[in-house]
Enquirer: 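Take a look at the following structure, please.
Since the structure is predicted, the reported quantities are computational estimates derived from the model, not experimental observations. So you know, we letter chains A, B, ... as the sequences are listed, proteins then strands, and number each from 1.
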Amino acid sequence: MFRNYNPNEIEPRWQQVWEETGLHRAVESGEKPKFYCLDFFPYPSGDGLHVGHCRNYVPTDVISRFKRMRGFNVLHPMGWDSFGEPAEQFAIANGVHPRLTTDQNTANFRRQMILIGCSYDWSREIDSSSPEFYRWTQWFFLMLYKRGLAYHDANWQWWCPTCQTTLSSHEAVGGECWRGHTGVTRREIPAWYFRITAYADPLLDGLDQIDWPERIKTMQRNWIGRSEGCEIDFRTEAGEVVPVFTTRPDTVYGATFFVLAPEHPLVERVTSEDQRAQVEAYIAAAARLSEIDRLSESHEKTGVFTGGFVVNPLNGERVPVWVADYVLPAYGTGAVMGVPAHDERDFGFARAYGLPVRRVVAGPGEGQQVERDQESAVEAAYTGEGVLVSSGPFSGLSSIEAIERICDHLEEHSLGRRKVQYRMRDWLISRQRYWGTPIPIVYCEKCGEVPVPEEQLPVLLPEMADFQPDGSGRSPLARLAEFVNTTCPDCGGPARRETDTMGGFACSSWYFLRFTSPHYDQGPFEPQAMRYWMPVDLYVGGAEHAVLHLLYSRFWTHVMADAGLLPFREPFTRLLNQGQLLAPDGLRMSKSRGNVITPDSMVAAYGADALRVYELFMAPFDQDVSWSEEGINGARRFLNRVWGLYSAADSEKATVVGEDRDLARALHKTIRRVSERIEAFRFNTVISALMEFVNLLAERKRSGGGRTASFKQALDTLPVLLAPVAPHIAEELWHQLGHPGSVHLQTWPAWDAALAQEDILQIAVQVDGKVRAVFGIDSDVGEEQVKEQALAHPKVQQHLAGREVVQAIYVPRKVLSFVTRQVEPIAE
RNA sequence: GCGCUGGUGCUGGAAUUGGCAGACAGGCAUGGUUGAGGGCCAUGUGCCGCAAGGCGUGUGGGUUCAACUCCCACCCAGCGCACCA
């Protein structure tokens, strides 16, 4: 009856049974508490899954299976992020339509996920490039549009020449696009934006309410980049107002110059005739520098005096106006007051051009000395807070007080106003590409920009044989007259469709809602189902989406909450990032590098359960690790050993005789450890706990101890404990033991704390901090007896020779520590 | 430069959160089984030492009866931020 362990026979058999019996179907009913466990839905690449993906999908599968056995109603779905540039690029490279490649790739992904035993509810599979899905992406676009959160604007955009499309500022960082192409430039193209900046504060505040890695929260906070301060209106001599933004109005009396970004419109007007040639040359040079070069040059500051002056509204001083590219045109007002004594950048600039440095804030313990040192050399900018000096009526105030009083003063005299600045920009959603969700807008000659009415959705993405971008900066859809030409939904007159599509991040901003009712056709989701499952209880994926997807989806959720569609504002209650699994060469796996290890080859050689066990065991969940095939054999050996425990030798003929107290204790200890450690995402130690237990069982069996009731009990429980991590072998053993039903429908075992308790304790005896002896005692033995036994121990006596015990510290059940001193030789 | 996170045998890692460092694996070594290979089984495996014993968790200090764990300084690695006024 018990053959050799053959995972390649067992695994597909059970996978089929599970699918046929609908074991993983999630139904929103019953008294069980719900648990929505979500993986970042993948882009179904042509490379297929590699073992690195399993590092994400295996742990969430363990959690899902465990939670089901723990009595939760679990939703564990999977779908495809199949719209967007990667899919289109792949199709182009293969000379095939992306619909075809997407369908092939998703079929392959699904096959591989089943192969490794993932318990997804495939009846809820979604595909973001299907009309049933993108219809509702368009619906959300219209919702944003109607709420004034989607707008069309012609502006300088980030442009990736490789992708042939505009990018959001979030996607173009450091001269590279998010797909890793270099050479990102600026191009003036009209495009659609989402007004994410309107949600800066709610998005910031929401972070305090969610259980996410602090690292990710910090990245989002940095990205939003909120700073509080005020605008101060400087004036040109011609009387023109030039506001500057500052977070340090307390340093305004220290302004000794004024700087405009080269792009600032005032440069033209403020520049004097004798300086004009120099200024224009500087601006031209700055324009030649790409934004990237400008930002990477974080050391040397350059600039030119314009010959013009502005007046500081607080002290009436006339300060020189410079142009310098360290001032960014897009942040604040594109102009700053130069306070070299209290700002490092201004200090560097003043140093380079010999501008005066005037201290107006005294640090702790400085006081009068600062006033005396006023014109002497200052070594560095003092950027801390302190007490104001040489600041007119505000002298003597602390920085904190001064900031308030100066802001009050500015507002009372209309010289400025309190202001909050954000670094985050609006989200550019337009892509001049074919493979994406068409933007549901038409342009009517009479009515202008008109949203497509909801009942006309979806605006179908038309079939197109030649969908390659042509370098015109317009979407390939613009070449398709039958798509472009339409009628105005308002007046019925001739109109043209918007030909841009939405970037893929639109799809991923709401897909998690669709899983709650993937076939619903009256709206993006069925409200009852949404209320039942949402928010997502556990969301697991790589840390690379820290700001893009994870910020956008929060934004959409906040908007939907404001629109009354959702009863919560944060979509993902808890987020975890798994560690990366790198190739054996330490690099990321990719087909182009030729270092991909597929689950297919590993399953063929070792079985899916061994692959799962190994991936869980190789390193802590959140730690990066390089793949090595050396250890996977250990996982397989472990499963062989498990299998061997059930082999006919004694289990069949065994008559049950007696108890095995140690074994029973080990069983309960193992139940406790496995339960607590799965809950804590410490899967590597879940596996080691199971290994220890199996080793003990194997030892018992070998030494003839396999016929006790305790051993029987252990064999009955082991498949249940293995079910989350090694679901196939667990199911097979469960059935071979003759139990009815699936092991995955069993209730997770409880541990008996009393049974798990040791009754012989190992006490370590220390003499002057060093362990000198270890002995076992009954758990009910008291301190005095432990001491007595310790003092009688030869090793302890040896180290106590010639010394006297000054102090004895007893930590119950653990340690007895003697502190000694040298016995004084008896003086004559 | 600033901010996280980490640094433990040959390797991956463990340590009930201040209480026997190296669990559990991989690798290696020796022996057994086998026609051979693989596989499997047994034993050993932190360093020095014949031993008694000593040393040992990136480095240096500190707190404590007791430190991988807490505190201070520093070194290294990875990630994030980096002219945001």
Enquirer: Just checking, is any N or O donor in the side chain of A/Y326 or A/D346 under 3.5 Å from an acceptor N or O on the other one?
Expert: yes
Enquirer: Just the rounded figure in Å: distance from P of B/A85 to CZ of A/F257.
Expert: 16 Å
Enquirer: Quick one: does NZ or CZ of A/K301 land under 6.0 Å from the six-membered ring centre of A/F349, within 45 degrees of the ring axis?
Expert: no
Enquirer: If you compare every side-chain N and O of A/K770 against the phosphate oxygens of B/A21 (OP1, OP2), does one of them come in below 4.0 Å?
Expert: no
Enquirer: Does B/G54 have OP1 or OP2 sitting under 4.0 Å from an N or O in the side chain of A/R772?
Expert: yes
Enquirer: In whole Å, what is the span from the NZ atom of A/K669 to the P atom of B/C24?
Expert: 12 Å
Enquirer: To the nearest Å, how far apart are A/Q807 CD and B/C65 P?
Expert: 7 Å
Enquirer: Give the rounded distance in Å between these two atoms: CZ of A/R423 and C1' of B/C81.
Expert: 8 Å
Enquirer: I want to check one thing: is the phosphate of B/C40, taken as OP1 and OP2, less than 4.0 Å away from some side-chain N or O of A/R641?
Expert: no
Enquirer: Now, which nucleotide makes the Watson-Crick or G-U wobble pair with B/U64, with each of the two distances under 3.5 Å?
Expert: none
Enquirer: Let me know the distance between NZ of A/K814 and C1' of B/A21, rounded to the nearest Å.
Expert: 16 Å
Enquirer: From B/G26, B/C65, B/C83, pick the nucleotide closest to the side chain of A/I809?
Expert: B/C65
Enquirer: If you check the A/V815 side chain, which of B/A42, B/G19, B/G53 turns out closest?
Expert: B/G19
Enquirer: Please report the distance, rounded to the nearest Å, between CZ in A/R226 and C1' in B/A85.
Expert: 17 Å
Enquirer: A/F617 has an atom CZ; how far is it from atom P of B/G12, in whole Å?
Expert: 13 Å
Enquirer: A/F234 vs A/F258, test: ring-ring contact (aromatic ring centres under 6.0 Å, His included). Steps then yes/no.
Expert: CA-CA 9 Å; A/F234 283 63; A/F258 191 92; 5.1 Å; yes
Enquirer: Is there a donor and acceptor pair closer than 3.5 Å between the side chain of A/E630 and the base of B/G12?
Expert: no
Enquirer: Rounding to a whole Å, what distance do you find between A/K217:NZ and B/G3:P?
Expert: 21 Å
Enquirer: On a whole-Å scale, what distance lies between the P atoms belonging to B/G22 and B/G46?
Expert: 10 Å
Enquirer: Going by a 90° cut-off around 0, is B/G78 syn or anti?
Expert: anti
Enquirer: Below the 4.0 Å mark, does B/G19 have OP1 or OP2 next to a side-chain nitrogen or oxygen of A/S817?
Expert: no
Enquirer: Under the side chain to side chain donor-acceptor pair (under 3.5 Å) rule, what do A/D201 and A/Y422 come out as? Steps first, then yes or no, please.
Expert: CA-CA 9 Å; A/D201 280 331; A/Y422 301 92; 2.7 Å; yes
Enquirer: Please determine if a side-chain N or O atom of A/R673 lies less than 4.0 Å away from the OP1 or OP2 oxygen of B/A14.
Expert: no
Enquirer: So, does the side chain of A/K301 form a donor-acceptor pair with the base of B/C83 at under 3.5 Å?
Expert: yes
Enquirer: Would you please test A/N640 and A/R636 for side chain to side chain donor-acceptor pair (under 3.5 Å) and show each step?
Expert: CA-CA 6 Å; A/N640 283 341; A/R636 175 57 191 267; 3.2 Å; yes
Enquirer: Can you tell which of B/A85, B/A66, B/A52 lies closest to the side chain of A/F245?
Expert: B/A85
Enquirer: Check every atom of B/A21, B/A85, B/G19 against the side chain of A/Y331 and return the nucleotide holding the closest atom.
Expert: B/A85
Enquirer: I'd like the C1' distance from B/A36 over to B/G54, given in whole Å.
Expert: 48 Å
Enquirer: Under the criterion ring pair (Phe, Tyr, Trp, His ring centres under 6.0 Å), which of A/F683, A/W627, A/Y606 is the partner of A/Y614?
Expert: A/W627
Enquirer: From the list B/C20, B/A85, B/G27, which nucleotide is the closest neighbour of the side chain of A/R637?
Expert: B/G27
Enquirer: C1' atom, B/G9 versus B/A15: distance in rounded Å?
Expert: 15 Å
Enquirer: Hey, does A/R677 reach any base, or is it just sugar-phosphate, or nothing, if we go heavy atoms under 4.0 Å?
Expert: nothing
Enquirer: Would you please confirm or rule out a distance under 4.0 Å between OP1 or OP2 of B/A23 and any side-chain N or O of A/N695?
Expert: no
Enquirer: Within the pair A/N684 and B/A14, is there a side-chain N or O less than 4.0 Å away from OP1 or OP2?
Expert: yes
